[in-house]
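Beneath this line is the structure, given in structure tokens, with notes to follow.
Start at 1 with the first residue, then count along the sequence.
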Amino acid sequence: MRLNGAHVPAPVPALAVQGLRAGYGRGGDIVCGIDLAQTPETILAVIGPNGSGKSTFVKTLAGLVPARAGAIRITGTDVTERTPAQRAAAGLAYVPQEANVFRGMTVRENLKLATDFLHGRAGVCSAYEEKVLATFPEIVRREGVLAGNLSGGQRQMLAFACALLANPEVLLLDEPSAGLSPALVLEVMALVERVRAAGVTVLLVEQNVSAALAVADEAVVLVGGRIGRRAFARELAGADLGDLFLGRGS
């Protein structure tokens with residue numbers, strides 16, 4: 001890259017994946033050789049038909065499914081062989097589709113548990129915690145409420161807040177709109193944009209294609225465990241899903 005004649009190095013990808021392959025047990029590969037580099041402070045939507053490998057892909061990134069081949073890097077650091085906790089220390093946070101908060105604990109207890117887990121992570125301090133919580137005043141006002149008594153959108157806010165307390169470089173979101181009403185879907189997607197505005201890179205795995213494309217900068221279409229297409233989200237917003245998912249007109 002050149003700026004006014006001077007060479008400016010390209011930014012290190014927040015998330016880089018090379019030749020990633022993964023699956024379960026003795027079965028065949030579900031993630032079948034994915035290469036991907038994501039620019040810092042962007043939202044990348046991962047979309048595709050059911051069974052395309054989206055959830056396995058994000059779980060492999062998070063360390064819940066072991067990689068069979070390839071490499072995963074967070075801001076240049078190879079985390080392929082690291083545990084989920086070690087990946088969190090390297091700057092990777094993950095919010096699963098289900099069981100992403102402790103419903104039998106209060107909001108305050110969920111947040112405390114998240115911070116107790118983070119000793120030693122660079123940048124995690126009381127001032128940073130205050131900054132994160134200031135981003136989510138809706139849940140701070142409910143700190144004594146059981147997480148199970150929150151609305152679906154509020155539980156997602158709590159899950160996002162707990163993840164952000166790790167001061168991550170990259171936040172992985174697996175189907176954050178699943179099971180929510182259309183109004184709450186809009187609320188959660190606005191929350192995703194809020195997270196990106198705070199300087200966090202977001203990889204968003206989402207079945208609600210229109211909602212994901214409305215907030216994403218770029219999108220990749222996953223089909224059969226491989227990336228079938230990558231484009232700016234605005235270029236895909238009006239596309240026919242059959243064309244996208246079956247590779248027609250790409």
Side-chain angles (χ1 to χ4, degrees), residues 43 45-47 54-55 58-59 61-64 84-85 87-88 91-119 121 123-216:
I43 300 172
V46 179
I47 60 177
K54 299 187 301 297
S55 287
V58 74
K59 288 175 182 176
L61 296 179
L64 301 178
R87 294 182 195 208
L92 185 67
Y94 170 57
V95 177
Q97 177 181 344
E98 299 177 346
N100 52 25
V101 297
F102 294 98
R103 297 193 178 203
M105 300 171 64
T106 65
V107 168
R108 184 190 307 108
E109 289 167 338
N110 271 271
L111 294 170
K112 184 178 186 302
L113 186 62
T115 54
D116 286 347
F117 176 70
L118 300 171
H119 291 306
R121 168 68 183 157
V124 176
C125 60
S126 58
Y128 176 75
E129 292 172 19
E130 290 176 8
K131 177 182 176 182
V132 170
L133 296 180
T135 308
F136 303 99
E138 302 94 327
I139 61 168
V140 173
R141 289 195 295 266
R142 295 170 173 80
E143 63 176 11
V145 176
L146 287 177
N149 292 337
L150 297 175
S151 71
Q154 290 165 351
R155 281 196 299 274
Q156 288 291 29
M157 286 186 191
L158 176 57
F160 284 22
C162 289
L164 291 179
L165 284 171
N167 190 23
E169 300 287 344
V170 178
L171 177 62
L172 308 175
L173 299 176
D174 189 4
E175 304 274 7
S177 76
L180 299 182
S181 68
L184 287 180
V185 169
L186 293 176
E187 184 177 324
V188 168
M189 291 303 159
L191 181 58
V192 174
E193 292 184 296
R194 197 188 306 179
V195 169
R196 189 264 308 275
V200 179
T201 304
V202 180
L203 185 137
L204 170 65
V205 172
E206 184 54 69
Q207 193 67 27
N208 188 326
V209 174
S210 60
L213 295 180
V215 299

Could you tell me whether the side chain of [Y] reaches within less than 4.5 Å of the side chain of [X], counting heavy atoms only?
X: L111; Y: L158; result: yes
X: N208; Y: V185; result: yes
X: L204; Y: V215; result: yes
X: V101; Y: C162; result: no
X: T201; Y: E169; result: no

Using 0.5 Å steps for rounding, measure from the [atom1] atom of [X] to the [atom2] atom of [Y].
X: T135; Y: M157; atom1: OG1; atom2: CE; value: 11.5 Å
X: L146; Y: E109; atom1: CG; atom2: CD; value: 8.0 Å
X: L113; Y: F102; atom1: CG; atom2: CZ; value: 5.5 Å
X: L61; Y: L172; atom1: CG; atom2: CG; value: 5.5 Å
X: N149; Y: R155; atom1: CG; atom2: CZ; value: 9.0 Å
X: D174; Y: Y94; atom1: CG; atom2: OH; value: 4.5 Å

- request: Apply the test side-chain contact (heavy atoms from CB on, under 4.5 Å) to residues V46 and V58: give CA-CA distance (whole Å), side-chain angles for both, the deciding distance (0.1 Å), then the verdict.
  value: CA-CA 9 Å; V46 179; V58 74; over 6 Å; no
[X] to [Y] - nearest heavy-atom pair and separation:
X: G153; Y: V188; value: CA-CG2, 4.4 Å
X: L92; Y: A62; value: CD2-CA, 4.2 Å
X: P168; Y: V200; value: O-CG2, 4.0 Å
X: I139; Y: V107; value: O-CG1, 3.6 Å
X: A161; Y: V132; value: O-CG1, 3.9 Å

task: Check salt bridge (charged side-chain N to carboxylate O under 4.0 Å, His left out) between E143 and all other residues, then give those that pass, not counting sequence neighbours.
output: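 Partners of E143 under the salt bridge (charged side-chain N to carboxylate O under 4.0 Å, His left out) test: R108.
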- request: For N100 and Q156, run side-chain contact (heavy atoms from CB on, under 4.5 Å): C-alpha distance rounded to whole Å, both residues' side-chain angles, the deciding distance at 0.1 Å, then the answer.
  value: CA-CA 8 Å; N100 52 25; Q156 288 291 29; 3.2 Å; yes
task: Decide whether S55 and E175 meet the rule of one side-chain donor and one side-chain acceptor closer than 3.5 Å.
output: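 Their side chains do not contain a donor-acceptor pair, so the 3.5 Å distance test is not met.
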field: Partner of S177 under side-chain hydrogen bond (donor to acceptor under 3.5 Å, both in side chains), chosen from Q97, E206, E187
entry: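 Of Q97, E206, E187, side-chain hydrogen bond (donor to acceptor under 3.5 Å, both in side chains) with S177 is met by E206 alone.
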task: Tell me, with the steps shown, if L164 and F136 meet side-chain contact (heavy atoms from CB on, under 4.5 Å).
output: CA-CA 11 Å; L164 291 179; F136 303 99; 3.7 Å; yes
M105 and K112: CA distance, side-chain angles, deciding distance, side-chain contact (heavy atoms from CB on, under 4.5 Å) verdict: CA-CA 10 Å; M105 300 171 64; K112 184 178 186 302; over 6 Å; no
- request: Mark yes or no for whether R196, through its side chain, and A216, through its backbone, hold a donor-acceptor pair below 3.5 Å.
  value: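 No, R196 side chain to A216 backbone: no donor-acceptor pair under 3.5 Å.
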